[in-house]
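First up is the structure itself, then whatever we jot down about it.
Every value quoted in this text rests on a predicted model; they were computed, and no experiment measured them.
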Amino acid sequence: MSEITLVQAINRALTRAMRDDPTVVVLGEDVAKDGGVFRATEGLLAEFGEGRVIDTPLAEGAIAGLCVGLAAQGFRPVAEIQFTGFIYPIIDQMMNHASRIRTRTRGRLTCPMVLRSPCGGGIRAVEHHSESPEAIFAHMPGLRVVIPSSPARAYGLLLAAIHDPDPVVFLEPTRLYRAIKEEVPDDGASLPLDRAFVVREGSDLTLVTWGAMLKETMATGERLAAGGVSAEVIDLATLKPLDSETVLRSVAKTGRCVIIHEAPRTAGFGAEVAARIAEHGLLSLLAPIERVAGFDTVMPLLRLEQHYMPEEQRILAAARRVLAFR
Amino acid sequence: MSEITLVQAINRALTRAMRDDPTVVVLGEDVAKDGGVFRATEGLLAEFGEGRVIDTPLAEGAIAGLCVGLAAQGFRPVAEIQFTGFIYPIIDQMMNHASRIRTRTRGRLTCPMVLRSPCGGGIRAVEHHSESPEAIFAHMPGLRVVIPSSPARAYGLLLAAIHDPDPVVFLEPTRLYRAIKEEVPDDGASLPLDRAFVVREGSDLTLVTWGAMLKETMATGERLAAGGVSAEVIDLATLKPLDSETVLRSVAKTGRCVIIHEAPRTAGFGAEVAARIAEHGLLSLLAPIERVAGFDTVMPLLRLEQHYMPEEQRILAAARRVLAFR
Amino acid sequence: MPDFARDSTQLINLYQAMVLTRTFDAKAVALQRTGRLGTYPSSLGQEAVAVGVAAAMREEDLLLPSFREHGAQLWRGVTLQDILLYWGGDERGSASSGPRHDFPVNVPVGSHAPHAVGVALAFKLRGEQCVAVCVMGDGATSKGEVAEALNIAGVWRLPVVFVINNNGWAISVPVARQTAAATLAQKAVAAGIPGEQVDGNDVIAVRAAVEDALARARAGNGPALIEAITYRLSDHTTADDASRYRSDAEVSQRWNEEPIARLRRYLVKRELWTKADEERMLTALSTQVDAAVESYLATAPQPVESIFDHTYATLPADLADQRAAALAARSRR
Amino acid sequence: MPDFARDSTQLINLYQAMVLTRTFDAKAVALQRTGRLGTYPSSLGQEAVAVGVAAAMREEDLLLPSFREHGAQLWRGVTLQDILLYWGGDERGSASSGPRHDFPVNVPVGSHAPHAVGVALAFKLRGEQCVAVCVMGDGATSKGEVAEALNIAGVWRLPVVFVINNNGWAISVPVARQTAAATLAQKAVAAGIPGEQVDGNDVIAVRAAVEDALARARAGNGPALIEAITYRLSDHTTADDASRYRSDAEVSQRWNEEPIARLRRYLVKRELWTKADEERMLTALSTQVDAAVESYLATAPQPVESIFDHTYATLPADLADQRAAALAARSRR
Ligand SMILES: Cc1ncc(C[n+]2csc(CCOP(=O)(O)OP(=O)(O)O)c2C)c(N)n1
Ligand SMILES: Cc1ncc(C[n+]2csc(CCOP(=O)(O)OP(=O)(O)O)c2C)c(N)n1
Ligand SMILES: [Mg+2]
Ligand SMILES: [Mg+2]
């Protein structure tokens, strides 16, 4: 068995889900014949045909809205929004319909849909192609928000998202699509949607992150280890519902925490993580929490994007400040 | 001079701004002939005519989008979105255009627009009429987010928002529209857009809130005072940019903080306030921070809405826990 | 004349359904005025659209109503109590009494149009002979998602029928300020689908037009748009005062065309309906509505924790904590 | 034949502008292939649309381009360097060299249509004889906000002209899978505004059609929609491989209709253009483009703090802190 990339793992999970469950349909712009602009849906049309792999007209709002109709009818639509810069038109449908049709009808109609979208910067893409909107979705009751950061987690979490009886926004960091390879057995096993992953154990400092920033965060962990500091790294992976327990347990152990994300700092999801610690883990804290995040500015065009996304230097500096605090 | 309500103060500020500046135009659904469903724009059509007070077709996304065009041309559009439940279609325009056209063109084109929308629950309204989406907008770089909670602040902040050279989302708590009256001189004086208001001074506990929840929060402050506890109450009013200094100064004094808002708890703007304290005010804290917020559920229909919005009981209980903490 | 219009029982059914709708509307407005119902949108004058649409549908078709199709919901079996519960602010009103697959009332204007496309796609993918029927107002035709939905329905030839209840107004905005299109039916041209106008004050015409469109859609011939021209005789909702923006003269004029008196005149002329029938019916309907109101008012409230019950299929841990806190707070009180 | 087409200088100007566009496109693609430019959308084969539109406009009119109108931007005075800067990932490319009121390149498909409505409303409110011109692709016609914009422009009779560059494809989706409408011009019917088709490979026809629409709009006779039918001879962008979804045969066939050879044949036939002219022009354009590339490559980078410079008119306190931290981090490095 060979190693595969994250985007291949997405493809593998889609294939597996479609084989196992005839109600799973894939749709979106350029997902069928072209196989998706990142090739996440490559090969699906050939295997499953036009009835289950559907190129849509260019209309993101309606794509989300029609998933609500399909899902209420018992299908499990998995829609792709081509880039997160074009995901904003779906917010209305997610907020007013997908996330609440179960509540509104007291469970009579439900919405088992998945909305996949490549997210984040760092691939020298065109304007509006590098956004990180996870906090917006994490604020919506009735939704789940998932961001995988390894091929194996992408496979297991996407399967879980497809099997889940409620709507899931599934954001895929483009920067990781082809950055890592690992073995991902096609065993159909899904991962829990309410558990954070401790991807590096440590005792001196907790680094909490998700998505593409896991890369720089892990690198920071290694760098700190070289200096004799033992950092625990948590990949939240499922932002909503948030597994605060895993975070709190770690902070109880380390007493120090840095939260890293690529989205703008203010009202980013890092704030929620910090707030949970300030509420439930305050007594363990030996130092102020720090957030290392994207600036509260527009994501710059490609020449400066690497300065926008938290660089290892910035994470390291924050970690050192937090470690040095007495 | 007689006392006026918050919605009358909005009307007064609009009138004043339109008299003072011919580039100010008001537009939205039912704002002209009907004077707005809450009467915020009543009388404007009669005074300023059809060229400056404009009923639009029913299309929220395009309303926001055309404001971008008007504003780039030197107008100062003040658009009304009838209820925040219908504000989601504007997010795309606010995020991809209004908030970034200045950045994108290095200041060549700008976007001095104001988007007003009545927000929040508690008026026994129809489904989707009681939403609190401030955190979503507060996450957008390049925007300002303002929520007044008294007639005087509504007047001064709306004038400031209209004068401001950048886009402002201005949310008006419907529950307060006619709940309070005060004297509001029509002096054309605006209030700063980057200052929180300490609306009650105190030394034992800081209560941070905004919008309609100020009412229950002040009541809690009074209740605590009756028991000999001195609570400081801060009305953030301008969520973005956030005046963390005022919050931090207060917490430095009191050592205890409860944050109250009506929007769902998770990834709500209370998280940002808590995070700032955990970052910059940790050493002052004598007790864990608490957030009292709307549940992470859909806003229920009117029969149960009063249980969704933080009741005085819930705020009081949190305050007592925080006060009792040793 | 369509077949059903030759059948007096069917005509009388349509008539009674419209009168029931109007009787119910009047009662609902009265309940709101006395604080026993939330804001309510009456369908006064537009009963022929809702009833005509529903009467054209089969049980297995799927209705996606906007907020002014009480008559259609009633025809499809939603109980008066449930409609009251919904507008009285209780989610259980959308739980169950109609066809289990029908969509609940849709308040954000036009946002149900893409749902109808998804439903129709499901019918098509499963090869079912069912049609999704989406009803919306004239104002909805300005919403982008409606245009998106029409377009997708067209290119995929889906079994969906969009019905526009053109009642002349979107709150205070008349159709002439809503669009420069000469008709709303021609919105269909942009999507390459058939569009037609029908007299929305003629329940027979509405039913016949919708039946034709449904038959075409059922046969695999794709979607259609029907503009039913009627008039909103009432205020927009109980929260509105239409005298602020339209003249009494206009409204009085339109009362001459309203659909109930019109069908009654026809029935009477054809000697299918007598004064005695009318009186008997009014008494019966009034009793029926009163009974529903009584049972609505007697409905035990939902417990506070019901706020949490259907947020997810299973309650996540952090939400369970919030639920527990809410329950604790409640029992303390 | 329109007046301008009788004027050989004007015809030659149009011709040279199209060839400049194509020369530039080829260079830009080459720069991307060698890592010196970001993803780039060539306008190969569609030069007549961009150039025809721009040539019809006055300086004081306002262009709202999508991402494939390099030819229109160039005609309106945006420098080659600026276009390279933008696609090379530097915001300064949208800062200034064209008319200061023109909008920058619009990437989110169709989202500039409402901007055009706002601009046109500004013109109308000020009583100016200017027109907003919004260019978009065939795929954009499926976006709801485009329908919303057309509708509002119609009901307010605004001076705005929407031009659809129908190049047959939206990435991998052909127009036939984008809509069931027989033409894209008929999208205008839903908005009650005039819509027409024009041969988008004929720069004379494009310019003439847009001139007519502009004249009508300028005279207060409201908006129009023009569908210019052309073909995308290139991949969607440098990130795309069109051979995955369309046949070479189709593309070869379409090469026969491309606008530059067509106008050249016409010029040559009318004896307005010689082989020598052609060679002279190609050399000149190639020199011009090379010089622009050189100055693009030599442009000093924006400093890191420029990320903050235009977020607000004045930097809020907390953002100033972030800026200071970024600067500090940078100087540490
Ligand atoms: C998206 C959206 N915007 C605004 C509103 C507020 N609103 C409720 S009904 C209405 C007018 C609807 O007009 P129309 O579609 O003609 O339906 P009618 O009320 O006439 O039945 C408006 C603006 C809403 N419900 N949804
Ligand atoms: C709203 C939105 N969705 C998706 C994309 C990704 N995308 C870029 S161009 C394109 C196709 C556009 O087709 P068309 O409008 O015909 O313009 P063309 O590229 O052919 O010039 C897509 C889907 C986008 N830029 N914006
Ligand atoms: Mg209407
Ligand atoms: Mg195209």
Side-chain angles (χ1 to χ4, degrees), chain A residues 22-23 25 27 51-52 54-75 77 89 92-93 95-113 141-144 164-167 193-194 238 240-245 276 280, chain C residues 62 64 86 91-96 100-108 111-128 132 134 143-156 158 160 302 306-319 321:
Chain A
T23 69
V25 297
L27 68 165
R52 294 183 63 199
I54 305 173
D55 275 332
T56 64
L58 208 168
E60 286 78 8
I63 291 172
L66 75 86
C67 285
V68 174
L70 270 175
Q73 276 289 307
F75 280 89
D92 187 38
Q93 285 291 340
M95 189 70 153
N96 276 335
H97 296 295
S99 64
R100 65 176 81 185
I101 195 161
R102 178 189 290 280
T103 287
R104 299 181 67 224
T105 61
R106 305 281 87 188
R108 176 167 63 85
L109 299 179
T110 63
C111 192
M113 69 185 269
L143 272 194
R144 290 178 185 275
D164 194 79
D166 290 305
L193 286 182
D194 54 2
T238 58
K240 188 185 188 72
L242 173 62
D243 172 16
S244 18
E245 243 179 72
R276 299 249 179 143
H280 305 293
Chain C
L62 188 152
L64 299 103
Y86 175 73
E91 285 80 3
R92 288 172 299 179
S94 302
S96 65
R100 292 196 60 80
H101 56 277
D102 275 10
F103 266 54
V105 159
N106 201 79
V107 167
S111 60
H112 56 331
H115 306 166
V117 170
V119 166
L121 178 58
F123 291 154
K124 182 171 178 158
L125 291 177
R126 282 197 298 254
E128 291 170 356
C134 179
K143 283 288 284 185
E145 57 208 314
V146 172
E148 291 182 352
L150 289 171
N151 185 61
I152 298 178
V155 72
W156 293 348
L158 295 178
V160 50
Q302 294 185 101
S306 76
I307 293 177
F308 297 86
D309 284 353
H310 299 282
T311 309
Y312 297 90
T314 48
L315 210 59
D318 57 357
L319 202 43
D321 290 348

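Between the A:R104 side chain and the C:V105 main chain, a donor and an acceptor come within less than 3.5 Å of each other. Between the side chain of A:Q73 and the backbone N or O of C:A122, no donor-acceptor pair lies under 3.5 Å.
Contact count versus chain A (heavy atoms, under 4.5 Å) is highest, among C:I307, C:V117, C:D318, C:N151, for C:D318. In terms of heavy-atom pairs under 4.5 Å with chain C, the best-connected choice from A:L109, A:N96, A:D194 is A:L109. Ranked by non-hydrogen atom pairs under 4.5 Å with chain C, the options A:P241, A:S244, A:G142 are led by A:G142. Between chain A and the options C:Y86, C:F123, C:W156, C:F308, the largest number of non-hydrogen pairs under 4.5 Å is found for C:W156. Most heavy-atom pairs under 4.5 Å with chain C, from the set A:A71, A:S99, A:G107: that is A:G107. Chain C forms more heavy-atom pairs under 4.5 Å with one residue of A:P57, A:A64, A:P167 than with any other, namely A:P57. Your options are A:P165, A:G61, A:A59, and the one with the most heavy-atom pairs under 4.5 Å with chain C is A:A59. Heavy-atom pairs under 4.5 Å with chain C were tallied for A:P141, A:G69, A:P22; the largest tally goes to A:G69.
The parts of C:P104 that come within reach of chain A are both its backbone and its side chain, each placing non-hydrogen atoms under 4.5 angstrom from that chain. For a residue to count as touching a neighbouring chain, one of its non-hydrogen atoms must lie under 4.5 Å from one of that chain's; by this rule C:L319 does not touch chain A. For a residue to count as touching a neighbouring chain, one of its non-hydrogen atoms must lie under 4.5 Å from one of that chain's; by this rule C:A317 does not touch chain A. Contact of C:E91 with chain A is made through backbone and side chain together, with heavy-atom distances under 4.5 Å.
Between C:P316 and A:K240, the closest side-chain pair of non-hydrogen atoms is not below 4.5 Å. Residues A:Q93 and C:H115 form a side-chain contact, since some pair of their non-hydrogen atoms from C-beta on lies under 4.5 Å apart. Looking at A:T105 and C:F103, their side chains never come closer than 4.5 Å, going by heavy atoms from C-beta outward. In this structure, A:I54 and C:L121 have side chains that are in contact, with non-hydrogen atoms separated by less than 4.5 Å.
Separating the OG1 atom in A:T110 from the OH atom in C:Y312 is a distance of 14.5 Å, to the nearest 0.5 Å.
Contact detail for C:Q302 and A:R106: the closest heavy-atom pair is OE1-NH1, 3.1 Å. Closest of all the heavy-atom pairs between A:A62 and C:I152 is CB-CD1, 3.7 Å.
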